[in-house]
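Worksheet: the structure to be examined is printed underneath.
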Amino acid sequence: MSSQGGTRQPKYQRIADALRAAIQAGEYGPGDRLPGENDLMATYEVARMTARQALGVLQNEGLAEARKGAGVFVRAFKPLRRRGIQRLAHEQWGAGRSIWSDESEDRELVVDQIDVREEGADLRISDALGIPADARVWARSRRFVLDGKPVLFAMSYLPSDIVADSAITQVDTGPGGAYARLAELGHAPVHFREEIRSRMPSADEVERLSLSMGTPVIHIVRTAFAQGGRVVEVNEMTLDSASYVLEYEFDA
């Protein structure tokens with residue numbers, strides 16, 4: 001098989017294509033072990049590095065995952081569907097439901113590595129919140145783990161003059177989360193803006209999200225505005241791109 005320009009496709013890519021087609025055809029189902037390096041070397045008469053590169057392609061695409069000492073397996077993880085508009089509706093958090101509840105679809109969602117602290121805002125955060133440099137903010141960081149797989153790390157910043165002494169400064173913010181508490185404080189979010197980009201992760205993000213080699217992250221910055229235009233929260237979210245489908249649905 002030749003690619004455009006007459007150059008042959010690399011052997012590792014042809015092997016990866018064959019394995020991908022087998023996965024898509026159902027020959028290997030979720031959780032099944034793929035042929036190992038030795039198997040691929042014998043079947044395709046290639047060097048170990050070529051076999052390793054072929055399996056690496058599937059891991060980079062999020063189709064497969066390596067288990068230390070066991071081999072490479074078809075990912076069994078069902079991607080999360082993040083409904084970017086509906087999830088932020090007042091009917092969701094205003095009724096005491098977490099904005100994450102619809103995404104987890106009754107699967108086991110654990111929030112860990114929770115840290116809540118008051119600190120001085122750096123220039124980037126103070127600009128985003130529209131407050132003076134070094135003004136105090138409450139910072140809330142947490143990691144979301146679904147079915148044992150870390151999928152998202154979130155860092156929220158809220159102005160101290162609004163949220164001080166409220167449940168937002170506690171680990172458990174209560175039913176409906178921070179947005180429901182902001183509403184009780186008279187600063188209900190009425191408008192949201194999200195900025196989305198994809199990039200390669202930092203070493204810290206690779207470790208925190210247990211990312212496979214070469215997996216990009218989706219970086220989402222959400223800004224929440226109260227009536228009158230005041231920014232009441234900036235939330236920076238880092239998502240495992242292999243674990244998410246971003247869905248946006250709205251009327252014409």
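Since we're looking at a predicted model, the values are computed, not measured.
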Exercise. Which ring-ring contact (aromatic ring centres under 6.0 Å, His included) pairs, counting each pair once, include a residue from residues 216-242, with sequence neighbours left out?
Worked result: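 Sorted result for residues 216-242: His191-Phe225.
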Exercise. Got a sec, which pairs hit side-chain hydrogen bond (donor to acceptor under 3.5 Å, both in side chains) with one end in residues 162-173, sequence neighbours left out?
Worked result: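 Sorted result for residues 162-173: empty, none.
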For this session: Mind jotting down which residue pairs meet the side-chain hydrogen bond (donor to acceptor under 3.5 Å, both in side chains) criterion with at least one end in residues 125-136? Sequence neighbours excluded, please.
Result: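 The answer is none; no pair qualifies.
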Exercise. What's in the same ILVMFWY side-chain cluster as Tyr12, cut-off under 4.5 Å, chained through other members?
Worked result: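 Its cluster mates, by chain and number, are Val57.
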Exercise. Apart from Val245 itself, which Ile, Leu, Val, Met, Phe, Trp or Tyr residues share its cluster (side-chain heavy atoms under 4.5 Å, direct or through members)?
Worked result: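 Members besides Val245: none; it forms no cluster.
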Quick one: list whatever passes salt bridge (Lys or Arg N to Asp or Glu O under 4.0 Å) with [X], sequence neighbours left out.
X: Glu195; result: Arg193
X: Glu119; result: Arg117
X: Arg20; result: Asp17, Glu61

Exercise. Honestly, is Arg143 close enough over Phe153, meaning NZ or CZ under 6.0 Å from the six-membered ring centre and within 45° of the axis?
Worked result: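 Pair Arg143/Phe153 does not count as cation-pi.
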Exercise. Of all residues at least two apart in sequence or in a different chain, which pass the side chain to side chain contact (heavy atoms under 4.5 Å, CB included) check with Ala66?
Worked result: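 Ala66 satisfies side chain to side chain contact (heavy atoms under 4.5 Å, CB included) with Gln59, Val72 only.
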Problem set entry | Residues in side chain to side chain contact (heavy atoms under 4.5 Å, CB included) contact with Arg52, at least two apart in sequence or another chain |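 Arg52 satisfies side chain to side chain contact (heavy atoms under 4.5 Å, CB included) with Glu37, Arg48, Met49 only.
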For this session: Answer whether the closest heavy-atom distance between the side chains of Ile196 and Leu246 falls below 4.5 Å.
Result: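 Yes; the side chains approach each other to less than 4.5 Å.
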Problem set entry | side-chain hydrogen bond (donor to acceptor under 3.5 Å, both in side chains) involving Glu118 - partner list, sequence neighbours excluded |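 Glu118: side-chain hydrogen bond (donor to acceptor under 3.5 Å, both in side chains) contacts with Ser160.
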Problem set entry | Carboxylate-amine/guanidinium proximity below 4.0 Å for Asp240 and Lys149 |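 A salt bridge links Asp240 with Lys149.
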For residues 24-34, run the donor-acceptor check on the side chains, cut-off 3.5 Å, and write out each pair with its distance to 0.1 Å, sequence neighbours left out.
{"residue": "Asp32", "atom": "OD2", "partner": "Gly29", "partner atom": "N", "Å": "2.7"}
{"residue": "Arg33", "atom": "NE", "partner": "Ala70", "partner atom": "O", "Å": "3.1"}

For this session: Please report the closest heavy-atom contact between Ala226 and Val232, naming both atoms and the distance.
Result: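 Heavy atoms of Ala226 and Val232 come nearest at CB-CG1, 3.8 Å.
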